[in-house]
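The structure appears right after this line, and notes come after that.
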Amino acid sequence: MAILDRITTPADLNGLSYDELKILADEIRDFIVKSVSETGGHLGSNLGIVELTLGIHRVFSSPHDIVLFDTGHQAYVHKILTGRKDHFGTLRKENGLSGYPNRTESIHDWIENSHASTALSYAFGISESLQLQGIGISSNKVSNPRRVVALVGDGALTGGMAYEALNNLGHKNTPVIIVLNDNGRSYAPTISKLSSSLSHLRSNPSYVETREKIRRMVQDLPLINNLAYAGIHGVTSALREVIEPHVFFESLGVRYVGPFDGHDIEQVEQALHNATVWKGPIVVHFLTHKGKGYAPAEEDDIQRLHDIKAVVNRPTSHSGVANTKGDSPVTFTDTFSASLIKMARKDDKIIAITAAMPGPTGLLPFQAKFPERFVDVGIAEQHAVTSAAGMAMAGMKPVVAVYSTFMTRAFDQLNLDVGLHNLNVTFALDRAGITGDDGPSHHGVLDMVLSLAIPNMVIFAPSSAYEMEPMLEAALNWPGPAVIRYPKTPAMVLEGDEIGKGMEARLIDKGDGRVAILAVGKMVEFAIKAVELLNERSVSATLYDVRVVKPLDKKMLEDALKHEIVVTVEDGYCFGGAGSYISSQLRDLAATQGCSMPTMDILGIPTVYISHAKPNTILSGFGLDASGICESVIKAVQRVKSRSDN
């Protein structure tokens with residue numbers, strides 16, 4: 001029987017020898033590779049954190065002791081050790097295991113939000129609460145006080161919020177054990193001066209050689225026990241401070257120990273045990289290798305197989321004809337990447353910025369061709385936006401490429417640093433709308449609402465792959481800020497004469513005047529199919545690809561006013577979204593022209609947190625597939641007819 005099959009709770013680890021733990025670590029890696037290869041998910045991060053997670057669960061007693069993960073995609077080993085191994089076949093599937101910690105899954109999980117750099121703030125708040133209640137480690141009232149452990153890695157320490165929390169932890173001397181998982185990477189190699197300092201320290205031959213020499217000398221001395229050998233860390237700490245004079249953490253009042261080998265379970269446990277003696281905040285620095293033990297991950301220099309994507313079919317045109325052009329981009333990200341490079345060749349003022357995601361946002365090819373015009377700020381979206389504002393002020397044309405969900409972290413900067421100054425900054429928001437497998441914190445359902453709230457923000461929503469180039473060109477030449485939002489899913493492929501122009505909406509079908517459907521972005525593909533279904537039920541609908549949500553095409557609005565019913569379709573929140581904005585603009589235009597307002601039906605995402613499932617499954621559940629749109633239109637037609645009959 002495999003050792004892994006005997007582990008159902010963290011307590012089951014306590015009776016294992018170090019030899020058995022090494023075998024268990026190998027079994028866990030094999031299990032993760034097999035499972036994630038079938039379901040998709042975050043691979044490299046979890047392969048690199050096996051021994052660290054084993055050590056944490058051997059030294060601390062979860063859930064009595066609170067273990068926090070930052071970022072949450074490093075929690076697969078934690079899930080396996082806390083009784084969820086047999087459910088890994090459902091990972092990231094509808095009604096299955098989340099790819100992140102989830103409070104509804106287990107009492108061992110605390111933080112569901114998978115956005116980086118937050119755990120230290122959670123840890124501060126939780127620890128302060130425990131101390132105030134007399135059950136934390138600063139209390140003498142209980143024999144078994146509760147501890148707070150924050151495992152921080154995969155670039156999470158590059159985010160500004162983490163530094164704010166460190167400052168507060170040091171100032172208040174709040175007892176938190178910060179386990180620094182230093183693999184030198186987030187999605188890609190980590191960008192920060194602190195990371196460079198840590199890398200310099202761990203690779204400094206003088207430090208490493210001298211430390212090992214002292215350890216060998218101590219081991220060779222007679223009558224030296226384990227405690228004395230462990231005490232050598234004090235000597236090497238002093239040596240470290242000579243070699244690395246800028247002791248960043250301790251200047252903030254946070255104790256620092258390390259670095260240690262994060263793949264040596266015995267060393268991990270010893271370091272964590274020693275850290276429990278400290279009564280204030282302490283960083284325990286471990287060196288790990290992302291993708292450890294799996295050759296394809298270790299050989300991936302860019303991402304260490306950070307995640308494995310599900311295989312998707314090549315896109316089709318709305319007529320159902322497959323895209324067979326071998327050189328045609330098949331995703332919005334591909335098209336964005338190719339279009340940006342094409343324009344950058346002609347305009348040397350174009351500069352690309354991302355926040356630790358050059359690969360997923362399609363900027364690696366741009367970086368290779370124009371390294372001097374590429375900036376990766378690390379996990380620091382607020383800084384990315386305001387630095388882009390500065391670049392625009394100085395005459396450049398910055399393009400900020402991030403996931404839609406991460407851009408919400410920088411709304412204040414979008415609004416006041418870019419919008420207020422009416423600066424020509426283009427925001428390429430990847431993964432807009434329903435993203436699917438990654439769950440509530442990754443759906444891009446807020447970007448439209450927030451962008452519409454910025455007075456002079458232009459908003460583009462391409463419906464097909466080849467809309468990207470003309471929209472990007474229009475955004476770069478616009479005198480103010482612009483957003484281009486596009487989904488993760490494969491792009492619809494259209495012919496050249498089916499692509500819109502400039503700031504205009506695109507009329508796809510002209511109906512009989514009863515119903516006008518105004519579809520936004522990805523939803524155009526579903527709306528096209530819905531119109532076909534409506535024709536079969538004797539409803540002839542007009543269909544527009546809105547293309548530019550703000551400012552809206554006045555000709556489209558004037559035509560929509562001539563219809564009895566106007567239905568808007570989007571994949572973002574209804575409340576405050578594109579449909580609401582279109583409705584308000586129609587109302588203003590109707591008042592100006594002295595005509596009646598059509599019956600409005602706004603289709604989109606309700607204001608709820610949405611769990612993980614395949615994107616089209618989620619959309620179908622909200623009535624946003626072709627049949628759902630068709631049924632909504634039929635019901636609207638019936639309501640209008642019922643009113644007129646009465």
Side-chain angles (χ1 to χ4, degrees), residues 70-73 100 111 113-121 152-166 185-195 306 333 336 351-363 366-367 374-392 396 398-421 423 425-433 435 438 440-451 453-454 457 459 475 481-486 488 572:
D70 191 357
T71 58
H73 62 240
Y100 303 91
I111 306 173
N113 176 12
S114 60
H115 286 197
S117 310
T118 61
L120 297 185
S121 296
V152 180
D154 247 28
L157 210 56
T158 66
M161 191 172 172
Y163 296 122
E164 295 172 22
L166 281 170
R185 291 169 175 271
S186 51
Y187 289 82
T190 302
I191 306 297
S192 82
K193 185 62 178 175
L194 175 60
S195 298
H306 174 80
T333 306
F336 163 72
I351 183 169
I353 305 169
T354 191
M357 305 190 76
T361 58
L363 288 182
F366 185 97
Q367 180 185 20
F374 170 79
V375 179
D376 184 348
V377 300
I379 303 176
E381 293 84 3
Q382 293 170 307
H383 169 59
V385 173
T386 303
S387 63
M391 292 174 186
M396 297 297 284
V399 177
V400 181
V402 294
Y403 283 8
S404 163
T405 181
F406 297 142
M407 184 53 77
T408 61
R409 307 181 81 175
F411 174 71
D412 183 69
Q413 287 70 33
L414 263 78
N415 183 32
L416 297 179
D417 297 344
V418 175
L420 180 63
H421 298 97
L423 297 170
V425 180
T426 299
F427 298 95
L429 303 189
D430 207 325
R431 274 64 166 179
T435 57
D438 287 324
S441 61
H442 272 57
H443 294 303
V445 290
L446 258 176
D447 64 87
M448 183 67 77
V449 175
L450 297 177
S451 298
I454 298 173
M457 183 70 76
I459 305 170
V483 159
I484 307 174
R485 67 180 308 273
Y486 45 96
K488 173 183 180 181

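What you see is a predicted model, and the numbers here were worked out from it, not measured in a lab. For this chain, numbers begin at 1 and follow the sequence in order.
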key: Those residues that, when tested against Ala401, pass side chain to side chain contact (heavy atoms under 4.5 Å, CB included) (two or more places apart)   = Phe336, Thr361, Leu363, Ala428
query = CG of Leu450 to CE of Met457: how many Å apart, nearest 0.5 Å?
reply = 10.0 Å
With sequence neighbours excluded, residues passing side chain to side chain contact (heavy atoms under 4.5 Å, CB included) with Thr333 = Thr331, Asp430, Arg431, Tyr486
ask   = Of the non-hydrogen atoms in Ala392 and Leu423, which two are nearest, and what is the gap between them?
value = CB-CB, 4.0 Å
message = If the condition is side chain to side chain contact (heavy atoms under 4.5 Å, CB included), which residues does Asp447 pass it with, not counting sequence neighbours?
response = Ser404, Leu429, Ala432, Arg485
key: Nearest-0.5 Å distance that lies between atom CD1 in Ile353 and atom CZ in Phe374   = 10.0 Å
note = When rounded to the nearest 0.5 Å, the distance separating CD of Glu381 from OG1 of Thr408 is 8.5 Å
ask   = Does the ring center of His443 lie less than 6.0 Å from the ring center of Tyr403?
value = no
key: Side-chain heavy-atom pair Thr118, Met161 within 4.5 angstrom cut-off   = yes
ask   = Minimum heavy-atom separation for Asp70 to Ala119, with atom names?
value = OD2-N, 3.0 Å
remark   = Sorted by chain and number, sequence neighbours left out, ring-ring contact (aromatic ring centres under 6.0 Å, His included) with Phe366 holds for Phe370
Heavy-atom closest contact (Asp376 atom, Ala355 atom, distance) = OD1-C, 3.8 Å
query = Where do Ala388 and Pro398 come nearest, in terms of heavy atoms and distance?
reply = O-CG, 3.3 Å
key: side-chain hydrogen bond (donor to acceptor under 3.5 Å, both in side chains) partners of Thr426, counting only residues at least two apart   = none
query = Residues two or more places apart in sequence or in another chain: which of them pass side-chain hydrogen bond (donor to acceptor under 3.5 Å, both in side chains) with Asn415?
reply = none
remark   = Residue set satisfying side-chain hydrogen bond (donor to acceptor under 3.5 Å, both in side chains) with Ser121, at least two apart, ordered chain then number -> none
key: Any residue meeting side chain to side chain contact (heavy atoms under 4.5 Å, CB included) with Gln382, in chain and number order, not counting sequence neighbours   = Ala410, Gln413
query = Taking Phe427 as the fixed residue, which of Ile459, Val418, Ile484 is the one that meets the side chain to side chain contact (heavy atoms under 4.5 Å, CB included) rule?
reply = Val418
ask   = Got Leu157 and Leu166 here, is their nearest side-chain heavy-atom distance under 4.5 Å?
value = yes
key: Atom pair CD1 (Ile454) and CG (Leu414), whose distance is rounded to the nearest 0.5 Å   = 4.5 Å
query = About how many Å separate OH of Tyr100 and CG of Asp438, when rounded to the nearest 0.5 Å?
reply = 4.0 Å
inquiry  = Taking Ala384's backbone N and O only, do any of them form a donor-acceptor pair with Ser387's side chain (distance below 3.5 Å, no angle check)?
reply    = yes
query = In Å, rounded to the nearest 0.5 Å, how long is the span from CG of Leu446 to OG1 of Thr405?
reply = 8.0 Å
ask   = Ser117 side chain to Ala156 main-chain N or O, any donor-acceptor pair under 3.5 Å?
value = yes
